[in-house]
There are 2 protein chains.
Amino acid sequence: MANRKYAEVCEEVCTHPEILDRVKPDMPDEERLYDLAELFKVFGDTTRIRILYVLFESEMCVCDIAALLNMTQSAISHQLRILKQARLVRSRRDGKTVFYALDDDHVRTVIGQGMEHIEEKHGRKKS
Amino acid sequence: MANRKYAEVCEEVCTHPEILDRVKPDMPDEERLYDLAELFKVFGDTTRIRILYVLFESEMCVCDIAALLNMTQSAISHQLRILKQARLVRSRRDGKTVFYALDDDHVRTVIGQGMEHIEEKHGRKKS
DNA sequence: AAAACATATGAACATCTGTTCATATGTTAG
DNA sequence: CTAACATATGAACAGATGTTCATATGTTTT
């Protein structure tokens, strides 16, 4: 089950074994790629993106975020849990309320690059 | 239906109107935030991440990618369509075969930052 | 024109995901 | 201790998503 997979898909004319053999060793572990996809999955939801954007400004309690986004406290809490598990936000408790904040600056960079990509691609009308 | 939403969620003690009023005008349009989430959704799948990583090395035809990832030609083609719609890859036809390549460098930056985030967060054992 | 091949695509299916609702946990005030 | 409040969480439901299968499109060769 090791290396007859090349031939399974298309004929030998199409696949270029030399490329395959060169590229394959450079691929990261499956586990890393899986984790990476999981991370981006976290960014891939409007509610969570909006939460992150809100936290760009300042730390905030669950209740404030819910009010600001006009959503249920429960919904926000569920999403904050996901963001926290992904280490994108951290929380501190102050009495009854829990304040959430961005955990590091990768969040800003990633979202910033994403925004750049969108602006660039949407804003081109000619070649 | 305008501004009683603050009170709907929790009592006036919790929400801090001055924060809300300060943060709200700084939020991007809903449409942009939606597009941004859509973009990251594209990154949020193992198959697509693997495809992008493969294309880091060189342009490649559908068949080669399928062979390299040990997946169906159909599955890869479907995913390439999504990547192309998101302007993350572009394609050129050469006879019967179609070659795909990364469309710009935001891809590298975003994935790079994502990787950094993962490595950093996984690699911390002490405070 | 027909055969062969690389790629694209529509429909169907199973799986995953986000919200809601009800309720539990944890903290402070009385 | 009890009431009040902020947050967390489990179950359930609806909608989104990725793969497979069958088939269509497009290109080259004969």
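In this text, all values refer to a predicted model and were calculated from it rather than measured experimentally. Computation of the quantities below employed the complete heavy-atom set of this structure, encompassing side-chain atoms and omitting hydrogens, waters and symmetry-equivalent molecules. Each chain gets a letter, A, B and so on, in the order the sequences are listed, and its residues count up from 1.
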Peer 1: Reckon B:Arg48 has a side-chain N or O less than 4.0 Å from the OP1 or OP2 of D:dG18?
Peer 2: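 Result: yes.
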
Peer 1: Give a yes/no on whether any side-chain N or O of A:Lys41 is located under 4.0 angstrom from OP1 or OP2 of C:dT17.
Peer 2: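 So the side chain of A:Lys41 is within the cut-off, an N or O lying under 4.0 Å from OP1 or OP2 of C:dT17.
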
Peer 1: May I ask you to verify if any side-chain N or O of B:Thr72 is less than 4.0 angstrom from the OP1 or OP2 atom of D:dT20?
Peer 2: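 True: B:Thr72 side-chain N/O within range (under 4.0 Å) of D:dT20 OP1/OP2.
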
Peer 1: Could you tell me whether the phosphate oxygens of C:dA6, OP1 or OP2, come under 4.0 Å of any side-chain nitrogen or oxygen in B:Tyr100?
Peer 2: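 Checking B:Tyr100 against C:dA6: no side-chain N or O falls below 4.0 Å of OP1 or OP2.
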
Peer 1: Measure distances between side-chain N and O atoms of A:Ser74 and base N and O atoms of C:dC21, and say whether any donor-acceptor pair falls under 3.5 Å.
Peer 2: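 Such a pair is found, so the answer is yes.
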
Peer 1: Is the shortest heavy-atom distance from the side chain of B:Phe43 to the side chain of B:Leu52 under 4.5 Å?
Peer 2: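 SC-SC contact between B:Phe43 and B:Leu52 confirmed.
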
Peer 1: So, A:His78 and C:dT19: ring centres less than 5.5 Å apart, planes less than 30° off, yes or no?
Peer 2: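 Taking the rule of under 5.5 Å and under 30°, the ring of A:His78 does not stack on C:dT19.
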
Peer 1: If you check every side-chain atom of B:Val62, which of C:dT7, C:dT9, D:dT28 has the closest atom?
Peer 2: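 The answer is C:dT7.
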
Peer 1: Among B:Asp64, B:Thr46, B:Ile51, whose side chain to side chain contact (heavy atoms under 4.5 Å, CB included) with B:Leu69 holds?
Peer 2: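 Result: among B:Asp64, B:Thr46, B:Ile51, B:Ile51 is the only option passing the side chain to side chain contact (heavy atoms under 4.5 Å, CB included) with B:Leu69.
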
Peer 1: Check for a donor-acceptor pair, side chain of B:Arg92 on one end and backbone N or O of B:Val98 on the other, with a separation under 3.5 Å.
Peer 2: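 Not a single qualifying donor-acceptor pair exists.
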
Peer 1: Report yes if a donor N or O on one partner sits less than 3.5 Å from an acceptor N or O on the other, where the partners are the side chain of A:Gln73 and the base of D:dA6; otherwise report no.
Peer 2: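 Looking at the base of D:dA6, it does not pair with any donor or acceptor on the side chain of A:Gln73 (distance under 3.5 Å).
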
Peer 1: To the nearest angstrom, how far is B:Phe43 atom CZ from D:dT17 atom C1'?
Peer 2: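 Between C1' of D:dT17 and CZ of B:Phe43: 18 Å.
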
Peer 1: Please confirm whether the shortest side-chain N or O distance from A:Gln79 to OP1 or OP2 of C:dT19 is below 4.0 Å.
Peer 2: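 Result: yes.
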
Peer 1: Please pick, from C:dT9, D:dT20, D:dG26, the nucleotide with the shortest atom-to-atom distance to any side-chain atom of B:Ala75.
Peer 2: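 Per side-chain heavy atoms of B:Ala75, the pick is D:dT20.
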
Peer 1: For the residue pair B:Val107 and B:Phe56, establish whether any side-chain heavy-atom pair is separated by less than 4.5 Å.
Peer 2: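 A side-chain contact under 4.5 Å exists here.
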
Peer 1: For a quick test of reading the model: is some side-chain N or O of B:Thr47 closer than 4.0 Å to OP1 or OP2 of D:dT19?
Peer 2: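 Answer yes for this pair, as a side-chain N or O of B:Thr47 is under 4.0 Å from OP1 or OP2.
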
Peer 1: Let me know the distance between CG of B:Asp45 and C1' of D:dA16, rounded to the nearest Å.
Peer 2: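 Atom-to-atom, B:Asp45 to D:dA16, this comes out as 13 Å.
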
